[in-house]
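Input: a single structure, listed below in structure tokens.
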Amino acid sequence: MKNYLILFSLIISFKSFSQTGMYIVTEKFDGMISAPTYDSVFVTNPSGVTSTQTIPHINMNLKNHNSSLNIIFNSITNLGYKMTENGPMQLGFNTPYYFTHTWYFYHP
């Protein structure tokens with residue numbers, strides 16, 4: 001009986017943090033090109049549908065970049081989601097090189 005209780009509690013905790021209850025926001029920006037003009041932001045909703053938005057490149061206009069990213073974050077938190085963590089910045093080794101950064105939002 002104790003094993004069933006542990007298994008049930010693990011299932012409940014996993015379900016609350018699984019993709020079906022989360023928004024995932026990933027920003028991709030080119031770090032090594034001579035004149036980057038925008039960053040791509042991919043927003044995956046709890047249904048698994050991904051939309052793509054472009055925002056000003058972080059190196060071209062930091063103020064507008066952060067403002068645009070904040071609008072995306074606010075649209076998710078206004079739905080009742082909370083940021084749970086952000087992943088480390090990742091380097092992509094395709095040519096040209098690029099970086100990604102990911103944030104996770106869950107619904108409590």
Side-chain angles (χ1 to χ4, degrees):
M1 184 67 168
K2 184 177 180 181
N3 290 340
Y4 288 117
L5 182 59
I6 292 171
L7 180 62
F8 180 71
S9 63
L10 286 174
I11 291 170
I12 294 298
S13 63
F14 177 75
K15 182 176 177 171
S16 66
F17 288 103
S18 68
Q19 165 55 29
T20 58
M22 296 185 77
Y23 269 86
I24 300 173
V25 178
T26 301
E27 177 184 14
K28 177 185 176 214
F29 54 96
D30 296 320
M32 302 287 200
I33 60 176
S34 60
T37 56
Y38 67 91
D39 292 348
S40 298
V41 179
F42 306 95
V43 179
T44 304
N45 69 20
S47 299
V49 177
T50 301
S51 62
T52 304
Q53 301 177 36
T54 58
I55 62 174
H57 195 280
I58 192 169
N59 292 335
M60 298 295 286
N61 190 329
L62 182 61
K63 179 181 170 186
N64 288 343
H65 168 270
N66 289 344
S67 177
S68 298
L69 194 57
N70 193 47
I71 289 169
I72 294 169
F73 290 164
N74 284 342
S75 69
I76 296 169
T77 58
N78 286 340
L79 297 172
Y81 287 80
K82 295 182 185 273
M83 185 183 292
T84 181
E85 65 181 83
N86 62 3
M89 186 134 346
Q90 301 288 323
L91 172 63
F93 289 102
N94 292 343
T95 303
Y97 295 110
Y98 63 90
F99 296 91
T100 62
H101 197 180
T102 302
W103 296 267
Y104 303 92
F105 296 82
Y106 74 100
H107 198 283

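Keep in mind the model is a prediction, meaning the values are calculated, not measured. Numbers here simply count residues along the sequence, with the first being 1.
- Applying the side-chain contact (heavy atoms from CB on, under 4.5 Å) criterion to Thr54, with sequence neighbours excluded, gives Tyr38.
- The distance from the NE2 atom of His101 to the CG atom of Asp39 is 12.5 Å, given to the nearest 0.5 Å.
- You'll find the side chain of Gln53 reaches within 4.5 Å of the side chain of Ile72, heavy atoms only.
- Under the 3.5 Å distance criterion, the side-chain polar atoms of Ser67 are left unmatched by any main-chain donor or acceptor of Lys63.
- When every heavy atom of Gly21 is checked against every heavy atom of Tyr81, the shortest pair comes out as O-CE2, 3.6 Å.
- Between Pro108 and Gly80 the shortest heavy-atom distance is CD-O, 3.4 Å.
- Linking ILVMFWY residues whenever their side-chain heavy atoms come closer than 4.5 Å, directly or via other members, places Met83 and Ile76 in the same cluster.
- Between Asn45 and Ile24, every side-chain heavy-atom pair lies at or beyond the 4.5 Å cut-off.
- Just one residue in the list Thr50, Val25, Thr102 forms a side chain to side chain contact (heavy atoms under 4.5 Å, CB included) with Phe42, and that residue is Thr50.
- The distance from atom CG of Asn70 to atom OG of Ser75, rounded to the nearest 0.5 Å, is 10.0 Å.
- For Phe73 and Phe105, the distance between ring centers is under 6.0 angstrom.
- A 4.5 Å side-chain heavy-atom check between Met22 and Thr84 finds at least one atom pair inside the cut-off.
- At a threshold of 4.5 Å between non-hydrogen side-chain atoms, the residues Tyr23 and Leu79 count as touching.
- For Asn66, the side-chain contact (heavy atoms from CB on, under 4.5 Å) test picks out Leu62, with sequence neighbours left out.
- Across all non-hydrogen atoms, the minimal contact from Asn61 to Pro56 is O-CB, 4.3 Å.
- Residues Glu27 and Thr100 form no side-chain contact, since every pair of their non-hydrogen atoms from C-beta on lies 4.5 Å or further apart.
- Side chains of Val41 and Thr52 form no contact here, defined as non-hydrogen atoms less than 4.5 Å apart.
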